Amino acid sequence: EMSLKSLFTDMAFDGQWKPALEFMAQAYAKVSSVRDSIEGERNLQGFFMAYLYLSSYYITAPELELNHGYCDFFLLPDLTHYPTKHSYIIELKMLPAKDFEAKAEAQWQEAVEQINRYAAAPRIEVLRQGTTLHKIIIQFAGWEMKRMEEV
């Protein structure tokens, strides 16, 4: 089992984001499956936030306003301390399991439009400081991750 620190290192320096984000999604499923995800998306955001704060490579900016919207997470490279090469916008989407079939595709398309709009914000150019920007969408049905892609 790779340590969370080494997963974050791969994410920051090699752009290998999938193992770290999958680790978080699985951890979320483990704790959330035991109780109802009443809070839904808030609960999910808080959980990811707690994990992302553990990475010293990034200054995690939650709910950053970009082009008249709020992205869930922008991982801002902390270049004063680490020569990281990659930055991230992460958008979390959730649907109740019973609605997933019917609404997942529309929600995904909306997320793609949102994240592209955020990435086009002039502030991002400045904030990413020359790092490679990755736009990641993670979609959940209840507590279970169903889809995770870079767009």
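When a residue number appears, it is its place in the shown sequence, counting from 1. These numbers were taken from a predicted model, which means no experiment stands behind them. Because only heavy atoms are used, hydrogens play no part in the values below, and waters and symmetry mates are left out as well, while side chains stay in.
- Residue pairs meeting the salt bridge (Lys or Arg N to Asp or Glu O under 4.0 Å) criterion with at least one partner in residues 103-116, sequence neighbours excluded, are Asp99-Lys103, Glu105-Arg147.
- Hydrophobic clustering of Ile, Leu, Val, Met, Phe, Trp and Tyr side chains at less than 4.5 Å, counting indirect connections, keeps Ile136 apart from Ile115.
- Residues Tyr88 and Leu54 fall within the same hydrophobic cluster, defined by Ile, Leu, Val, Met, Phe, Trp and Tyr side chains chained together at heavy-atom separations under 4.5 Å.
- Looking at every heavy atom in both residues, Ser56 comes nearest to Asp78 through O-OD2, 3.9 Å.
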What verdict does the side-chain contact (heavy atoms from CB on, under 4.5 Å) test give for Glu149 and Ile137, after you've listed the backbone C-alpha separation in whole Å, the side-chain angles of each residue and the deciding distance to 0.1 Å? CA-CA 6 Å; Glu149 282 174 36; Ile137 301 171; 5.9 Å; no

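- Shown here is Phe13, whose CZ atom has more than 12 heavy atoms of other residues, nucleotides or ligands within 6.0 Å.
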Could you list the donor-acceptor pairs under 3.5 angstrom formed by side chains in residues 127-135, with sequence neighbours left out?
unit_1 : atom_1 : unit_2 : atom_2 : d
Arg128 : NE     : Glu125 : OE2    : 3.2
Arg128 : NH1    : Thr131 : O      : 2.4
Arg128 : NH2    : Glu125 : OE1    : 3.4
Arg128 : NH2    : Glu125 : OE2    : 3.1
Gln129 : NE2    : Pro77  : O      : 3.2
Gln129 : NE2    : Leu127 : O      : 3.3
Thr131 : OG1    : Ser87  : OG     : 2.8
Thr131 : OG1    : Arg128 : O      : 2.5
His134 : ND1    : Glu150 : OE1    : 3.3
His134 : ND1    : Glu150 : OE2    : 2.7
His134 : NE2    : His86  : ND1    : 2.7
Lys135 : NZ     : Asn116 : OD1    : 2.6

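- For the atom pair CG of Leu52 and CE of Met11, the computed distance is 6.5 Å after rounding to the nearest 0.5 Å.
- Note that NZ of Lys18 is 14.0 Å distant from CG of Leu7, once rounded to the nearest 0.5 Å.
- Ile89 contributes atom CD1, which lies 8.5 Å from atom CG of Leu64 (distance to the nearest 0.5 angstrom).
- Pairing each heavy atom of Phe47 with each of Ala27, the nearest pair is CZ-C, 3.6 Å.
- For the residue pair Ser6 and Thr9, no side-chain donor N or O sits within less than 3.5 Å of a side-chain acceptor on the partner.
- Residues Tyr58 and Thr84 have side chains that never bring a donor and an acceptor to within less than 3.5 angstrom of each other.
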Given Phe48 and Asp72, is the side-chain contact (heavy atoms from CB on, under 4.5 Å) satisfied, shown in steps? CA-CA 10 Å; Phe48 267 74; Asp72 286 339; over 6 Å; no

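- Between the CE atom of Met24 and the CE atom of Met148 there is a distance of 9.5 Å, given to the nearest 0.5 Å.
- In summary, the aromatic rings of Phe74 and Tyr118 are positioned with their centroids too far apart to meet the 6.0 Å limit.
- Both Ile90 and Phe23 sit in one connected hydrophobic cluster of ILVMFWY residues. Membership requires side-chain heavy atoms under 4.5 Å apart, directly or through other members.
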Is there a side-chain contact (heavy atoms from CB on, under 4.5 Å) between Met145 and Ile138? Walk through the geometry before answering. CA-CA 7 Å; Met145 181 182 74; Ile138 312 175; 3.7 Å; yes

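- One hydrophobic cluster, built from ILVMFWY side chains closer than 4.5 Å, holds both Leu4 and Tyr53.
- Side-chain atoms of Phe100 and Lys146, non-hydrogen and from C-beta on, do get closer than 4.5 Å to each other.
- Residues Arg117 and Leu66 are not in side-chain contact: their nearest non-hydrogen atoms beyond the backbone lie 4.5 Å or more apart.
- Between Gln139 and Trp108, some side-chain heavy-atom pair lies under the 4.5 Å cut-off.
- Cluster membership for Leu21 and Met94, using ILVMFWY side-chain heavy atoms within less than 4.5 angstrom, is shared.
- For the atom pair CZ of Phe73 and CE of Met49, the computed distance is 5.0 Å after rounding to the nearest 0.5 Å.
- Annotation: the span from Ile124 atom CD1 to Cys71 atom SG amounts to 6.5 Å, rounded to 0.5 Å.
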Any chance you could lay out the side-chain contact (heavy atoms from CB on, under 4.5 Å) test for Tyr57 and His81, step after step, and finish with the verdict? CA-CA 8 Å; Tyr57 301 120; His81 297 105; over 6 Å; no

